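Working notes, beginning with the structure itself.
Just so it is clear, the model here is predicted, and its values are computed rather than measured.
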Amino acid sequence: MFYLSLSFIIVGVGFLKPNISTIVGKLYDRNDPRKDAGFTLFYMGINIGAALSSIVCGYVGTQYGWSYGFGLAGFGMLLGLVVFLGGQKHLKGFAETPDKQMLTESLWWRFTREHLIYAFAIVMVMLVALVIGDHQVVGGLLGFSFVAIGVWLVWYCIQEVSLEVRQKLYAAVSLVMMSTVFFLCFLQSGSSMNLFADRVTDRVLFGIEIPAPMFQSLNAIFIILLAPLFANTNRYKDVIAQREFSASEARQRVRNIVVLRLSSLTQNQKR
């Protein structure tokens, strides 16, 4: 049941993340200077939930049992769905299906495209539930997927696109690879770093032992505190650009990876 629940979350997040970001992006025109600030505030809103859930669910799980902790998290997700459906009218129609006729088109027997999407999602949930408990199988599938997608990308860049598009794709692929390295390290916070906090660190503050899962909220709390500051800097973007002080996104990502690596080396020295 635990792996099945995780599988629903994995597949559900796969549907949620690309679509919710697309909705936010469509709320602004292409060159709207408020877009960066809007995404920053959107990300801050996500992290309000991340901070509260880590604190409340972490405390309830450690003190009263993880069935209550996970149950509370499920209630929070259900509440989020209710809020989204209730506020959908404020999204200017961008949360609706862009082509309802294509979605209701019959593809096989009486099954529409929408029915097949739901069926595919259920099959994926079952497949993920079967393999998620076997780390070797998961690692092999991820490695195979990485190689297969890489080979397809190379073939696509060489055969199917113009030189201009190919150069843009190469830049995008390099950013994706750097992001993959970053998130492989960053997302250890939910597993190995959480165990490190539980087993190695001193979690007593003013005589009170802080449950290790509650440390998951620190990243979200810092984002909440700093997001308004960085959102306000967008109004000075033109001045910064004129002085040539702004770095490209690629340079920023490289800098972040270097800082991440230095922090990892520092942590290893402390151990």
Side-chain angles (χ1 to χ4, degrees), residues 3-26 30 35 39 42-43 46 50 94 97-99 102-103 105 107-108 111-193 219 247-261 264:
Y3 289 141
L4 180 62
S5 302
L6 288 180
S7 302
F8 273 106
I9 294 175
I10 292 169
V11 176
V13 170
F15 281 110
L16 171 68
K17 291 195 72 172
N19 288 290
I20 197 68
S21 299
T22 302
I23 293 172
V24 176
K26 286 185 176 181
R30 183 177 181 85
K35 179 177 287 189
F39 268 102
F42 161 69
Y43 194 50
I46 290 176
F94 292 122
T97 303
D99 190 346
M102 184 180 70
L103 194 64
E105 178 186 0
L107 295 180
W108 180 68
F111 293 99
T112 65
R113 190 184 304 271
E114 184 177 10
H115 294 151
L116 294 178
I117 291 173
Y118 294 149
F120 175 75
I122 293 174
V123 171
M124 287 302 300
V125 167
M126 299 304 160
L127 289 177
V128 172
L130 288 174
V131 304
I132 194 173
D134 193 328
H135 296 169
Q136 291 183 345
V137 173
V138 173
L141 289 174
L142 290 176
F144 173 79
S145 300
F146 179 80
V147 173
I149 293 173
V151 171
W152 176 83
L153 259 177
V154 171
W155 173 84
Y156 183 78
C157 290
I158 295 175
Q159 299 290 334
E160 300 293 327
V161 298
S162 63
L163 178 62
E164 181 183 358
V165 176
R166 187 183 308 160
Q167 291 174 343
K168 292 180 179 180
L169 282 174
Y170 286 154
V173 169
S174 65
L175 292 176
V176 168
M177 293 181 66
M178 289 187 288
S179 297
T180 302
V181 174
F182 170 78
F183 280 106
L184 279 173
C185 299
F186 175 75
L187 294 178
Q188 295 300 311
S189 59
S191 55
S192 58
M193 295 304 296
N219 177 66
S248 66
E249 183 180 357
R251 291 179 181 176
Q252 292 178 26
R253 298 215 178 209
V254 171
R255 180 194 61 196
N256 293 340
I257 292 174
V258 171
V259 172
L260 177 67
R261 181 55 183 164
S264 176

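Separating the CZ atom in F39 from the OG atom in S21 is a distance of 6.0 Å, to the nearest 0.5 Å. Put simply, NZ on K17 and CD1 on I46 are 7.5 Å apart, with the number rounded to the nearest 0.5 Å. Taking CG from L141 and CD1 from I132, the interatomic distance works out to 12.0 Å, rounded to the nearest 0.5 Å. To the nearest 0.5 Å, atoms CG (L153) and CG (L169) are separated by 7.0 Å. Taking CD1 from I9 and CG from L4, the interatomic distance works out to 10.5 Å, rounded to the nearest 0.5 Å. The CD1 atom of I10 lies 9.5 Å from the CE atom of M124; values are rounded to the nearest 0.5 Å.
Of all the heavy atoms in V131 and V138, the pair that sits closest is O-CG2, 3.2 Å. The two residues A121 and V11 have their closest heavy-atom pair at O-CG1, 4.1 Å.
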Practice problem: Give the intermediate values and the outcome of side-chain contact (heavy atoms from CB on, under 4.5 Å) for residues F42 and I20. | Solution: CA-CA 10 Å; F42 161 69; I20 197 68; 3.9 Å; yes

Practice problem: Please lay out, stage by stage, how V151 and Y156 fare under the test side-chain contact (heavy atoms from CB on, under 4.5 Å). | Solution: CA-CA 9 Å; V151 171; Y156 183 78; over 6 Å; no

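Between H115 and F111, the ring-plane angle classifies as perpendicular under the 30° and 60° cut-offs.
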